[in-house]
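One structure below.
The figures that follow rest on heavy atoms only: side chains count, while hydrogens, waters and symmetry mates do not.
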Amino acid sequence: MSIRPATRRDTEAILDIWLEASIAAHSFIDAAFWRDNIEAMRTVYLPSATTVCVYDTPQGITGFYALHKRHLAALFVAPRRQRNGTGRSLFAHALRQAGGLTLNVYAENRQACDFYLAQGCTIAARNTDPHTGRAEYIMTCAPAEG
């Protein structure tokens with residue numbers, strides 16, 4: 001498994017992971033919402049962020065994160081590859097790159113909330129996502145000292 005900057009050739013694999021994982025993790029949001037936003041991911045969100053992916057031979061790209069300054073805009077792992085350390089590795093890489101992070105996570109996505117809390121993040125505020133109207137947490141994460 002290697003973590004490396006994403007290239008243009010990685011875009012379709014990243015979008016596939018984003019769509020599959022978004023639908024799987026957010027059963028409380030209609031899947032059509034995610035499908036309707038794939039072009040915005042392709043043309044607006046990914047190009048405006050620093051995107052880093054995990055490449056695992058022979059599976060190819062199995063996860064990615066998108067970082068906008070110190071804001072973790074996305075961190076997704078293909079559902080079939082979750083719970084094997086890929087998410088933790090990506091998160092640790094992003095945290096080192098940014099020197100501290102903020103992120104938004106849907107309050108109803110307990111698996112993601114628990115993941116970020118286990119990585120040392122704290123809930124700084126509660127907000128309503130303007131796109132879905134769902135409650136979300138704004139979390140902050142500081143790098144480990146030492």
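When all heavy atoms of R70 and G100 are compared, the pair lying nearest together is NH2-CA, 3.0 Å. Residues M139 and C121 approach most closely at SD-CB, 4.1 Å, considering heavy atoms. Contact record, C53 with A6: SG-CA, 4.1 Å, taken as the closest heavy-atom pair. The minimum heavy-atom distance between A24 and P79, with the atom names listed, is CB-CG, 4.2 Å. Listed here is the closest heavy atom pair of A107 and C113: O-SG, 4.0 Å.
With a 4.5 Å cut-off on side-chain heavy atoms, I38 and W34 do not count as touching. Side-chain contact between T128 and E136 is absent, with no heavy-atom pair separated by less than 4.5 Å. Side chains of N109 and H26 form a contact here, defined as non-hydrogen atoms less than 4.5 Å apart. The shortest side-chain heavy-atom distance between H68 and Y45 does not fall under the 4.5 Å cut-off.
Rounded to the nearest 0.5 angstrom, L72 CG and L95 CG are separated by 9.5 Å. Distance CZ/F76 to OH/Y65: 15.0 Å, rounded to 0.5 Å. A distance of 8.5 Å separates SG of C141 from CD of Q119, quoted to the nearest 0.5 Å. To the nearest 0.5 Å, atoms CD1 (I138) and CD1 (I123) are separated by 11.0 Å. Taking CE of M41 as the reference point, atom OG of S22 lies at 7.0 Å (rounded to 0.5 Å). Distance CD1/I3 to OH/Y55: 15.0 Å, rounded to 0.5 Å.
Hydrophobic clustering (ILVMFWY, side-chain heavy atoms < 4.5 Å, transitive): F64 and L101 are in distinct clusters. Hydrophobic clustering of Ile, Leu, Val, Met, Phe, Trp and Tyr side chains at less than 4.5 Å, counting indirect connections, keeps L75 apart from I14. No continuous path of ILVMFWY side-chain contacts below 4.5 Å connects I17 to V52, so the two sit in separate hydrophobic clusters. Criterion: ILVMFWY side-chain heavy atoms under 4.5 Å apart, direct or through other members. Under it, I61 and I23 are part of a common hydrophobic cluster. In the hydrophobic clustering of this structure, L67 groups with L90; members are Ile, Leu, Val, Met, Phe, Trp, Tyr whose side-chain heavy atoms approach within less than 4.5 Å, directly or through other members.
For the pairing with Y106, the ring-ring contact (aromatic ring centres under 6.0 Å, His included) check across F28, F33, Y137 returns one residue only, F28. Residue R81 is tested with T62, T86, D56 for a side-chain hydrogen bond (donor to acceptor under 3.5 Å, both in side chains); the sole match is D56.
Using modelled atom types and a 3.5 Å distance limit, the side chains of T140 and T102 yield no donor-acceptor pair.
More than 12 heavy atoms of other residues, nucleotides or ligands lie within 6.0 Å of CZ in R110, so this atom counts as buried by the packing criterion.
Side-chain atoms of D129 come within 3.5 Å of backbone atoms of T132 as a donor-acceptor pair (strictly under, hydrogens ignored). Q82 places a side-chain N or O within donor-acceptor distance of the main-chain N or O of V77, the cut-off being under 3.5 Å. T11 places a side-chain N or O within donor-acceptor distance of the main-chain N or O of R8, the cut-off being under 3.5 Å.
Salt bridge R4/D10: present, at least one basic N to carboxylate O contact under 4.0 Å.
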